[in-house]
Structure formats: structure tokens, C-alpha cells
Novice: 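My questions all concern the structure below.
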Protein chains: 2
Amino acid sequence: MSSSIKDVALHAGVSVGTVSNVLNHPSRVSSKTVKRVQKSINELGFVRNDAARQLRAGESRTIALLVFDAANPFFTALARGAEDAATDEGYSVILANTSESQEREHSYLDLFEEQRVRGILISPYGDVEERLSALKKFGIPSVLVDRVSENQVFSSVSVDDHAGGTIAANHLLNLGRTRIGFVGGPLEIPQVADRLRGAQDALQASPGATLTIFETSATTVLEGRTAGEKIREMSPAERPNALFAANDLVAIGLLQALVATGSLRVPDDIAIIGYDDIDFATSAIVPLTSIRQPSALMGETALKLLREEALDPSKKPRRVVFQPELVIRESA
Amino acid sequence: MSSSIKDVALHAGVSVGTVSNVLNHPSRVSSKTVKRVQKSINELGFVRNDAARQLRAGESRTIALLVFDAANPFFTALARGAEDAATDEGYSVILANTSESQEREHSYLDLFEEQRVRGILISPYGDVEERLSALKKFGIPSVLVDRVSENQVFSSVSVDDHAGGTIAANHLLNLGRTRIGFVGGPLEIPQVADRLRGAQDALQASPGATLTIFETSATTVLEGRTAGEKIREMSPAERPNALFAANDLVAIGLLQALVATGSLRVPDDIAIIGYDDIDFATSAIVPLTSIRQPSALMGETALKLLREEALDPSKKPRRVVFQPELVIRESA
DNA sequence: ACCTAACTTTGAAACGATTCAATCTAGAAT
DNA sequence: ATTCTAGATTGAATCGTTTCAAAGTTAGGT
């Protein structure tokens, strides 16, 4: 079926070692031979068997990117940044989607371990640091994306979520809003928790203001809509007059529930601020005020950190933190 | 560094063959031995080397999904469907993003060939049928997604884009619109071409109506916005009073250019209909009327077809065509 | 013509699993 | 006690590369 290096060697009248050299170290082979071998390769349709190569060479050229919500444009933008950087370095990035399932997160990590990928870029969903430590000992480095390492063991690329939360809350406070609602969850997700904490800290400085938490089971459009429907039914007196959504997907869901039904006006009755500044924020039913994260740049940076660790496993983990940025549109 | 099956065998006091059997055919091994070997595996932290396994067994458990725009929610929904189905079958799906680059499309196909993946799910960007035929001969089957095989050589899962175009155009015509604009491109992309042709055929039946084509270089939000800006500048007399966008991303871009600036009203001055019915369509600045495709179901179906071909390479290619559905919201 | 140094080429030994024919149990049946 | 059988275990061969010491080749200098 598929021809091997041995077939090529036979066809070209050289030894297998020479064919391998043509493939990997062409400079060691005379140009005459290179040409002859190349010709045989083409004629036989030879394709290197990566499994065999990897087995012997012990080194893979692929990097895995594991995210918990591939449908979130923030992650696709990040993936794009990582991919572009990887292409430049000669790596290939394969993507895997955890779909907010710890089980799947683990089974993908198992897969990557068996595949001996060169490294892992991960935006963790569950508690995986221990697992990643084991992988590191095993020779597979990882870089955390959009989340910092609790024990400084891993390099990470993140955004200062606490600062982002503060910026968001302050913006709402400056607008004169006092009854603020935070919508997002689960609160165990560090990104969500930090944004919330940032908002809470901002509230400290404004004695009159209150913050109510509307916890959701995921940060999706659907969950946002569900929360929005509940908020819509509240009495005007106790209903928040401003909402801070844990991300833009949730914010869009809120918009759907609050505005699309015509029951409330944004931002007049209720202001909404999102997080991530995804492409769709501009074109939301009410263009969304949001907190921008440099997604593509984050992906690119993460890949560079990973490459450094892959080349030198003893390298000290580095932590890169980007600052978020307020983007004011119409919703708040 | 990492222990091999031989180490495990030594540690457990059995032969390598037995360890392998514990891993792959536990029923052939006495439960006493299974337990002992498992214990050694845990103590040594043994992880099977997939490269070696694949080399010998000649069979991979991963399936590749190659799309040309991972940022398009239609594809992420499709990917999600495929992943769920794959998990059920014991396969793993890895995603790769072509980013609308023929070069990258080819280099990923090269990678998958070297990796001897079990099969490929592909939404092709460039002209790859020949390449895929070669892969098939090589033992790697593929299933086309969102596009039919020109020569019936591959199984495919698609939506009747021609019908979708007709439905969209008819809806606009029923609304009394006569100067219709089609926005999308490149026109070489079959999905785009078919949708356009479907619209043109619908127009045939309405003598008074005209169709103008605004070709874009990609079906993205940005390209849609650019096209929208041009349309905005046209004189009211020659400006279309209805637009059919090749997909929702383009439609959202159009909305940004036309509505967000306050210059035109949708649908009063100009109606807009999109395609795909992505999640964000509901929450667009003007909730988007669109043509729905059953994205997750398509992914799931594609995976099943692929599995069939993987099990029986001589199987006749099957073509599954779903029918699109009109979803009326406010933009048209 | 001979020596050297620099290139080329060779081929056997890994890499770590799976496979399978052959051997070895242990208990049942005679 | 002996034979039989089904199940359990073994270990060498194999998959297709890369690697690297050794052998072979070439050409330049004397």
C-alpha cells in the first residue's frame, strides 16, 4: 500500500541511511544523490511515516491547544494567534475542545501524553495543575493561557482580570449606576472569580452602591439569556440598573432577553458591560461596551513561551500579564 | 525518563506480551495478572507510546477536522457535533484551521498524511479533490463537509445551497423588494456560488427584479462591513433595497456599516438576509433573518459516514444533503 | 604516486509497542 | 494415573524510521 524508506532506497539504488539523510540532513548528501532520491520519492509517492519517525527521533512537531469553549470567539482569535506563530516556528497546532467537561479535558490530556506532543497550550477548565506537573516531569511542558499558575510552576499568559473587573465596575459607577448586577459563572472559574472580585473591590470605594451576583452554570449566550429573563421579571425597584457580564457571550444573551423583547431599554433602563470585546460586540443589538483582551497577541505569546520551555526544560516559568482595556460603545 | 512496556514487564515479573495484552485484550489475561500489571503501571507511571503503537498496529484513533474558518460559529457548531459523535465511537477529533490559505490547507493535509490519521473531515477551501483521492488510495478516507464532491468520489454532508439561495431570494421578493444585492465571495467558493445561483434562479420568475453582485474577498465580518460602506454611499435610486449576504458574518458586517452609523434603516430602507443562522444572529443589532443549516447534525453525520468508510474502504460514497430552513426575524 | 582531509555512503542497532505461533499451565474427563 | 483441552503466558519477529560508527570515495597538496 504505502511505500517505505526501504522501497525508496531500493528504487534509487542507495541505502536507507542515505534516504533518511536526504529527508533530514540534505546537506550531508551530494546533490546528485539528493536529486535521484527525490525522484524516487515522487515516483513511489513516498510519505514519511510520522509514527516511526517520532518513535525513533523521540520528538514531535505538533503542539496541542486545549480550550474549554472553542465556540467562544475569544478563543478562536487566540488560537489564530498561536497558529500563526507556530507556523513561523515550524510547528503545527492541533486544537481540541473540552466543551466544559472535566472528563473530556482529562481524556484529551491522556491522548496528548500518549502522542508525546511537543507541548500543550491550555486554558484549563477543571483542576489540572497536578496533572500538568506530571506531564512536565514526563517531558511535556505546558503554558497556561488566560489563567495564571497557582503555584508559579507554569508559564502563563493572562490578562489582569481583577483590573478588568475594576475597570468595568468603575465605568458603571461613573455612569451613576448604583445597583449593579454581576452575571456569570460558575464562580469556581478563576477568570470569572477574579473579574467579580475586581468589581467588588471597586464597589468598596462607593458606599452607596450594591452588587448582586447572578450566578450562571456556564458563560454562554444561552445562560446569559436565561439570567436575563429572570432579571427582566424583577420589580423595577430591586432590579439592577447596570449589569457586568463575565464575558461578551453572556452579555449578548442578556441583551437578547432584555432588549429583543422590547421590555427594557439599554442602557437607559439598564446598562450592560461585557468582557473580551469579541468581533460580534460591535454588531450586537445594542453595540456592546466591553473590556478588551489582546487575544491574538496572547496566543502568539503563549506559543513563544512554550517553545522556550520545550527547548530548555529547566527554564524558569514566566508569567506574562496583559492589561485589559475599556472599549466604550452604547450599552454602557 | 518515561518507562516502557518492558520496564513494566520487568517490574511485574511477566513478559512484555502479557503487558501488551493487559492493555489491549485484558480478557486474555487472568485477572490476577491483570491486577498485578495494573499496579506496576501505576507505580511506574507508564504511559503507552502512541507512536510505537501506531507504527506496529498501523492504525490511528484520531480523526482530523480541517476547516477554512474556525472563527465562523457555523464551523464550531459543526465541530462540536463531530466531536460528540467521535467520543461515542472512541475516536478523538483534532481540529485544524486553514485560515483561508491554500498553502496551509496543503501543509495540514501533509501533516495528516504523515500522521496516518484514521480519516479526514474537510470543508475544503482550495481545490483538493485530487489530493484527497491520493490520500484515499493511500488508505486515508475523507468526507467532505458543507460541500459536495464534484465527481462523486467522496461521501459528503452538505446543505442544498441552491435551495437556500432560492428561499432567501423568494423571501425578499415576497417582501416586495426588487433591487436585490448579493454580497459575498470569492465567487469561486462553491457554497457562495450555489447560493448566488439559487437566488438568480428565483429572480428569473420575477421579471421586474434585478440582482447586483457585490463580490468580497472573504466571507467575514470585516469584508461585509467594507461592502456595506460602499453600498451606503450609493444613490438611493440605484442602491439595492434588499441584500442577501453569503453568510451571517457578512450580514453582520453589513449591519455594522448600514445601521450602526444611523444612515439607513433595516429593514425599512434596506432588508438584509443572512445565511447559517449562527447563534449571534438573534442578537444582532437588528435581529437577523437567516437561512438555517443544521450544523451540529451535519458534523455528527459526517463523522458517521467517515467511520463507515474507515471500516470498509470499498464502500460506495454517500451524499447526504440537508434542506435549509428560513428563519424570519427582523432584518427582512 | 602517495598521504590526508573532507565528503559521502553504508548498514546494523535502536525506538516501544503489537502480534502470533509455540509453550506452559491446571483442572476435567476417562 | 493418564490424556485432553482451554486458557494463560512467553518471546522473538516486526512495523518504518533515525542514528552513528565505520568504510568508502574524492580531490588537493607534495
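All chains are named by letter (A, B, ...) in the order of the sequence lines, taking the proteins before the strands, and each is independently numbered beginning at 1.
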Novice: Are any non-hydrogen side-chain atoms of B:L305 and B:E309 less than 4.5 angstrom apart?
Specialist: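 Not touching, per the 4.5 Å side-chain cut-off.
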Novice: Have a look at the helix from C:dA1-D:dT30 to C:dT30-D:dA1 and give the angle its two end axes make, five pairs each, rounded to 10 degrees.
Specialist: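 If I round to tens, the end axes sit 50° apart.
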Novice: Under 4.0 Å, counting only non-hydrogen atoms across every strand here, what does A:D50 touch: a base, just sugar-phosphate, or nothing?
Specialist: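 Contact class for A:D50: none.
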Novice: Measure the shortest side-chain to side-chain distance between A:L109 and A:L132 over non-hydrogen atoms and say whether it is less than 4.5 angstrom.
Specialist: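 Side-chain contact under 4.5 Å: yes.
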Novice: Mind checking A:V14 for me? I need base, sugar-phosphate or nothing, with any heavy atom below 4.0 Å counting as a touch.
Specialist: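 Contact class for A:V14: sugar-phosphate only.
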Novice: In whole angstrom, give the distance that lies between atom NZ of A:K6 and atom P of D:dC15.
Specialist: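 Interatomic distance, NZ of A:K6 to P of D:dC15: 7 Å.
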Novice: With no hydrogens and no angle check, is any side-chain donor or acceptor of A:R147 less than 3.5 Å from a backbone partner on A:P124?
Specialist: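 It does hold such a pair.
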Novice: Hey, is the main chain of B:E114 close enough, under 3.5 Å, to the side chain of A:R48 for a donor-acceptor pair?
Specialist: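 No: the side chain of A:R48 does not pair with the backbone of B:E114.
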Novice: For nucleotides 21-26 of chain D, which of its nitrogen or oxygen atoms have a protein nitrogen or oxygen under 3.5 Å away, and what is each distance?
Specialist:
none

Novice: Without decimals, in angstroms, what is the distance between A:L44 CG and D:dG16 C1'?
Specialist: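 Rounded to whole Å, this separation is 15 Å.
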Novice: Within this structure, what is the CG-to-P distance between A:N21 and D:dT18, rounded to whole angstrom?
Specialist: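 Rounded to whole Å, this separation is 9 Å.
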Novice: Apply side chain to side chain contact (heavy atoms under 4.5 Å, CB included) to residues A:T62 and B:Q115 and explain how you reach the verdict.
Specialist: CA-CA 10 Å; A:T62 71; B:Q115 291 188 166; 3.3 Å; yes
Novice: Counting only heavy atoms and a strict 4.0 angstrom limit, can you tell me which residues of residues 25-43 of chain B come near DNA chain D?
Specialist: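 Output list: B:S27, B:R28, B:V29, B:S30, B:T33.
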Novice: Considering only heavy atoms from C-beta outward, does the side chain of A:F154 approach that of A:I122 to under 4.5 Å?
Specialist: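 Of all side-chain heavy-atom pairs linking A:I122 with A:F154, none is under 4.5 Å.
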Novice: Would you mind listing every salt bridge (charged side-chain N to carboxylate O under 4.0 Å, His left out) that reaches into residues 58-78 of chain B, with sequence neighbours excluded?
Specialist: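 Pairs touching residues 58-78 of chain B that pass the test: B:E59-B:R61, B:E59-B:R118.
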Novice: Measure the distance from CZ on B:R116 to P on D:dT17 and round it to the nearest whole Å.
Specialist: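 So the CZ-P distance, B:R116 to D:dT17, works out to 7 Å.
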Novice: Could you give the CD1-to-C1' distance, from A:I5 to D:dT19, as a whole number of Å?
Specialist: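 So the CD1-C1' distance, A:I5 to D:dT19, works out to 12 Å.
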Novice: Which comes earlier along DNA chain D counting from the 5' end, the contact point of A:L55 or that of A:G17, where each point is its nearest nucleotide?
Specialist: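 This one resolves to A:L55.
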Novice: Tell me if a side-chain donor or acceptor on B:Q293 pairs with a main-chain N or O of B:V159 at a distance below 3.5 Å.
Specialist: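 Looks like no, no N/O pair under 3.5 Å.
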Novice: Just to confirm, is there a sub-4.0 Å distance from OP1 or OP2 of D:dT9 to any side-chain nitrogen or oxygen of B:T18?
Specialist: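 The answer is no; no side-chain N or O of B:T18 sits under 4.0 Å from OP1 or OP2.
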Novice: Tell me which of B:A52 and B:G13 sits closer to the 5' end of DNA chain D, going by the nucleotide each one is nearest to.
Specialist: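 Whichever sits nearer the 5' end wins; that is B:G13.
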Novice: Should the pair A:K304-A:E300 be classified as a salt bridge under the 4.0 Å nitrogen-to-oxygen rule?
Specialist: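 A salt bridge is present here (some side-chain N lies under 4.0 Å from a carboxylate O).
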Novice: Under 4.0 Å from any heavy atom of chain B: name the first and the last nucleotide of DNA chain C that qualifies, 5' to 3'.
Specialist: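 It runs C:dG16 to C:dT19.
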Novice: Is it true that a side-chain atom of A:T98 and a backbone atom of A:V67 form a donor plus acceptor pair closer than 3.5 Å?
Specialist: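 Side chain of A:T98 to backbone of A:V67: a pair is present.
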Novice: I would like to know whether B:S295 and B:F75 meet side chain to side chain contact (heavy atoms under 4.5 Å, CB included); could you show each step before the answer?
Specialist: CA-CA 7 Å; B:S295 40; B:F75 284 123; over 6 Å; no
Novice: Under the 3.5 Å rule, do the base of D:dT14 and the side chain of B:R56 count as making a donor-acceptor pair?
Specialist: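 For B:R56, whose side chain was compared with the base of D:dT14, there is a donor-acceptor pair (under 3.5 Å).
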Novice: Is there side-chain contact between B:D146 and B:F74, with at least one heavy-atom pair below 4.5 Å?
Specialist: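 The answer is yes, as the side chains (C-beta and beyond) meet within the 4.5 Å cut-off.
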Novice: Could you tell me which residues satisfy side chain to side chain contact (heavy atoms under 4.5 Å, CB included) with A:E100, sequence neighbours excluded, listed by chain and number?
Specialist: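 By the side chain to side chain contact (heavy atoms under 4.5 Å, CB included) rule, A:E100 matches A:F68, A:Y125, A:A218, A:T219.
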Novice: Expressed in angstrom and rounded to an integer, what is the separation of B:N24 atom CG from D:dT9 atom C1'?
Specialist: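 It works out to 16 Å between those atoms.
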Novice: Closer than 4.0 angstrom, basic N to acidic O: yes or no for B:E105 and B:R131?
Specialist: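 A salt bridge is absent here (no side-chain N lies under 4.0 Å from a carboxylate O).
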Novice: Round to the nearest Å and state the distance from B:Q54 atom CD to D:dT17 atom C1'.
Specialist: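 That distance rounds to 13 Å.
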Novice: Would you indicate what B:S4 reaches in the nucleic acid, counting non-hydrogen atoms under 4.0 angstrom: base, sugar-phosphate, or nothing?
Specialist: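 Sugar-phosphate, backbone atoms only, no base.
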